[in-house]
Structures are given as C-alpha cells and as structure tokens.
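The chain is numbered in sequence order, starting from 1. Remember, it's a predicted structure, so these values are computed and weren't measured experimentally.
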Amino acid sequence: QVQLVESGGGSVQVGGSLRLSCVIRGVTFANNCGGWFRQAPGKEREFVAQLYSSPRYADSVKGRFTISRDNAGSSLVLQMNSLKPEDTATYYCAYRRGGCPYSPTGRSFDYWGQGTQVTVSS
C-alpha cells in the first residue's frame, strides 16, 4: 500500500524559513517523480516544485525554495526560505510513477499525502 506523510509545517513571520518533509511507503521516489503542490482557501491547487532527475520550480518560488530527496528515495524535502504571505497554503506531497510531466494542478500524479499547513504572517 502506498502512503505519503508530510510534516514540518507551521507558522512563521515574513522572511522566515521552513523545511517540509514527505516520507513515502510502498514505492520510492528514486527513478520516479516527486512533487510538491499547495492550495490556499478558495483557490485552485497549484504546482510548487517537482523532481525526477532535475528539479523544476514554479516561477513564484524560484530562488527561494529547494526540492530534494534522500539517496534511497524514501523521502522528499522542500526547503522554503524567504517566505512571503502569499506562500500561505496547505502543502501536499505527491508521487507519480516514472518521470515528471507538465501538470500544473497535479492531476497526473498517482498518490498524495494528507497535507501540512504553512502560514506566513506579516
């Protein structure tokens, strides 16, 4: 059974940092696509970052966020720096077998975590 569990969310002030982690069971991120998406209240879920062989980021987070995985592919990490109020959202970890396609709302991903809340106050 495939399971993903996110952790590391919380409340921070503008300019602060958070490190989100996603642990996966049943499959591995190695040689597969791992992604992070977020959804704010009243808004559509949106792409944040993904990783297969090379990382890709949404324009809104480039230079501030970094996606990575451990050697075994058992976890996926999103390091978030220089946080802004517009980063406030529930963040979701997702898995897709194989490579990472263009998927702005994550519809092509196979499995999802429960989400972790990130709140950035000014």
Side-chain angles (χ1 to χ4, degrees):
Q1 190 68 248
V2 177
Q3 293 181 329
L4 293 81
V5 179
E6 303 99 332
S7 63
S11 298
V12 298
Q13 295 183 349
V14 170
S17 297
L18 284 172
R19 183 179 183 270
L20 306 184
S21 296
C22 172
V23 176
I24 192 166
R25 296 171 54 189
V27 293
T28 175
F29 286 118
N31 300 311
N32 296 299
C33 178
W36 287 96
F37 296 79
R38 66 188 183 188
Q39 187 169 27
K43 295 186 177 181
E44 190 175 31
R45 184 175 63 197
E46 66 175 354
F47 167 78
V48 175
Q50 62 186 24
L51 176 63
Y52 178 59
S53 59
S54 299
R56 188 173 73 85
Y57 302 94
D59 289 341
S60 59
V61 307
K62 285 181 180 176
R64 300 188 298 121
F65 291 10
T66 303
I67 187 171
S68 62
R69 60 175 174 249
D70 67 346
N71 291 335
S74 61
S75 66
L76 190 72
V77 170
L78 185 69
Q79 177 66 46
M80 306 188 296
N81 299 324
S82 302
L83 284 163
K84 304 175 181 179
E86 51 263 45
D87 295 318
T88 296
T90 300
Y91 283 70
Y92 297 92
C93 175
Y95 164 91
R96 183 184 186 274
R97 184 180 181 182
C100 292
Y102 176 73
S103 188
T105 63
R107 288 181 298 175
S108 69
F109 283 74
D110 301 313
Y111 298 99
W112 294 81
Q114 83 289 347
T116 185
Q117 178 66 38
V118 171
T119 302
V120 185
S121 61
S122 60

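- Looking at heavy atoms from C-beta onward, F65 lies out of side-chain contact with S60 at the 4.5 angstrom threshold.
- Within the 3.5 Å criterion, the main-chain N or O of G73 finds a donor-acceptor partner in the side chain of T28.
- Aromatic pair W112/F37: ring centres closer than 6.0 Å.
- The minimum heavy-atom distance between Q39 and Y92, with the atom names listed, is CB-CE1, 4.3 Å.
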Please tabulate, one pair per line, all N/O donor-acceptor pairs under 3.5 Å involving side-chain atoms of residues 46-53, not counting sequence neighbours.
residue, atom, partner, partner atom, Å
E46, OE2, R38, NE, 2.8
E46, OE2, R38, NH2, 3.3
Q50, NE2, P101, O, 3.4

Are R45 and T90 close enough, and set up right, to give a side-chain contact (heavy atoms from CB on, under 4.5 Å), and what steps lead you there? CA-CA 9 Å; R45 184 175 63 197; T90 300; over 6 Å; no

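- Rounding to the nearest 0.5 Å gives a distance of 8.0 Å between CZ of R69 and CG of L76.
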Donor-acceptor pairs under 3.5 angstrom involving side-chain atoms of residues 11-22: please list them, not counting sequence neighbours.
residue, atom, partner, partner atom, Å
S17, OG, N81, OD1, 2.9
R19, NH1, S21, OG, 3.3

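- Side-chain atoms of W36 and M80, non-hydrogen and from C-beta on, never get closer than 4.5 Å to each other.
- The closest donor-acceptor contact from the side chain of T88 to the backbone of T119 lies at 3.5 Å or more, if one exists at all.
- Considering NZ of K62 and CZ of R56, their distance stands at 8.0 Å, rounded to 0.5 Å.
- Remark: K84 does not engage D87 in a salt bridge, criterion side-chain N to carboxylate O under 4.0 Å.
- Between the side chain of Y57 and the backbone N or O of I67, at least one donor-acceptor pair lies under 3.5 Å.
- Between Y95 and F109 there is no side-chain heavy-atom pair separated by less than 4.5 Å.
- Note: Y91 OH to S7 OG = 15.0 Å, rounded to the nearest 0.5 Å.
- Side-chain atoms of Q3 never come within 3.5 Å of backbone atoms of R25 as a donor-acceptor pair (strictly under, hydrogens ignored).
- Counted within 6.0 Å of CD on E44, heavy atoms from surrounding residues, nucleotides or ligands total 12 or fewer; the atom is thus considered open.
- Within the 4.5 Å cutoff, the side chain of L4 has no heavy atoms near those of the Q114 side chain.
- Separation of atoms CZ (R97) and CG (D110) is listed at 9.0 Å; rounding is to 0.5 Å.
- Closest non-hydrogen pair, G99 versus C33, comes out as O-CB, 3.5 Å.
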